[in-house]
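Reckoned from all heavy atoms, side chains included, excluding hydrogens, waters and symmetry mates.
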Amino acid sequence: QVQLVESGGGLVQTGGSLRLSCVASGRTFSMYVMGWFRQAPGKEREFVAAISRSSYSSYYADSVKGRFTISRDNAKNTVYLQMNSLKPEDTAVYYCAAKNSPLVVRTFSEYDYWGQGTQVTVSS
């Protein structure tokens with residue numbers, strides 16, 4: 001069992017930056033592919049970014065490519081999402097997710113564990 005706790009959300013102006021963190025419990029963090037998803041009011045949960053176990057590979061949604069960076073520190077059981085050049089359309093609850101898998105996945109239904117989410121609001 002893995003428990004995930006996100007932090008770092010908040011209110012920021014257009015063009016600003018935030019860094020989200022997600023700390024995982026347990027001793028096998030390095031076995032998990034980690035992903036970030038987001039859900040805006042009235043919309044479906046959507047993929048944002050994912051990173052492989054060793055950080056060798058990372059993937060991004062087209063809408064955030066070039067602005068967001070996913071990274072992880074396996075020694076700290078933590079995955080990060082650095083968000084730059086934020087836009088009002090980035091406003092959503094952001095969730096981190098974990099899957100024990102050798103392959104990076106981008107579909108939310110394939111992830112096994114989820115955090116409680118952290119709110120990101122970008123004002124115009």
Side-chain angles (χ1 to χ4, degrees):
Q1 194 78 358
V2 176
Q3 291 185 326
L4 304 173
V5 179
E6 302 99 333
S7 62
L11 174 64
V12 64
Q13 291 185 333
T14 297
S17 298
L18 285 174
R19 188 176 82 153
L20 305 184
S21 300
C22 173
V23 179
S25 64
R27 296 175 291 178
T28 58
F29 178 74
S30 61
M31 297 297 293
Y32 290 85
V33 165
M34 299 300 297
W36 285 98
F37 291 77
R38 67 187 182 186
Q39 189 167 17
K43 295 188 176 181
E44 293 186 350
R45 192 167 299 191
E46 65 174 359
F47 170 76
V48 175
I51 190 167
S52 63
R53 293 168 164 178
S54 64
S55 302
Y56 182 80
S57 301
S58 58
Y59 299 90
Y60 299 91
D62 288 343
S63 59
V64 307
K65 204 170 291 183
R67 300 188 297 121
F68 291 11
T69 303
I70 189 171
S71 61
R72 66 188 295 164
D73 184 339
N74 286 346
K76 295 183 178 180
N77 282 16
T78 302
V79 61
Y80 305 97
L81 186 68
Q82 177 66 45
M83 306 186 294
N84 299 329
S85 303
L86 283 161
K87 305 175 182 180
E89 51 263 44
D90 295 318
T91 296
V93 177
Y94 283 70
Y95 299 89
C96 72
K99 178 175 178 64
N100 189 338
S101 169
L103 300 176
V104 177
V105 295
R106 287 173 262 195
T107 305
F108 76 85
S109 60
E110 296 189 74
Y111 281 82
D112 301 315
Y113 302 102
W114 291 87
Q116 82 290 349
T118 185
Q119 176 71 46
V120 172
T121 303
V122 184
S123 64
S124 57

How far apart are the closest heavy atoms of [X] and [Y], and which atoms are they?
| X | Y | result |
| --- | --- | --- |
| Val5 | Gln116 | CA-OE1, 3.7 Å |
| Ala40 | Ala92 | N-CB, 3.8 Å |
| Asn74 | Arg72 | OD1-NE, 2.8 Å |
| Asn84 | Ser17 | OD1-OG, 2.9 Å |

Ion pair present between Lys87 and Asp90, side-chain N to carboxylate O less than 4.0 angstrom? no
Return the set of residues passing salt bridge (Lys or Arg N to Asp or Glu O under 4.0 Å) with Lys43 (not counting sequence neighbours), or none when no residue passes. none
Can you list everything that forms a salt bridge (Lys or Arg N to Asp or Glu O under 4.0 Å) with Glu46? Sequence neighbours excluded, please. Arg38
If you link ILVMFWY side chains whenever their heavy atoms are less than 4.5 Å apart, which other residues fall into the same cluster as [X]? By chain and number, please.
| X | result |
| --- | --- |
| Ile70 | Val2, Leu4, Val12, Leu18, Leu20, Phe29, Met31, Tyr32, Met34, Trp36, Val48, Ile51, Tyr60, Val64, Phe68, Val79, Leu81, Met83, Leu86, Tyr94, Tyr113, Val120, Val122 |
| Leu11 | none |
| Tyr56 | none |

Under 3.5 Å, sequence neighbours excluded: what are the donor-acceptor pairs made by side chains of residues 96-108?
| from | atom 1 | to | atom 2 | distance (Å) |
| --- | --- | --- | --- | --- |
| Lys99 | NZ | Glu110 | O | 3.1 |
| Asn100 | OD1 | Arg53 | NH2 | 3.3 |
| Ser101 | OG | Leu103 | N | 3.0 |
| Ser101 | OG | Leu103 | O | 2.9 |
| Thr107 | OG1 | Glu110 | OE2 | 3.4 |

Measure the spacing between OH of Tyr111 and CZ of Phe37 and express it to the nearest 0.5 Å. 5.0 Å
Taking [X] for its side chain and [Y] for its backbone only, find out whether a donor-acceptor pair lies under 3.5 Å.
| X | Y | result |
| --- | --- | --- |
| Glu6 | Gly117 | yes |
| Asp73 | Thr78 | no |
| Ser21 | Tyr80 | no |
| Ser25 | Gln3 | yes |

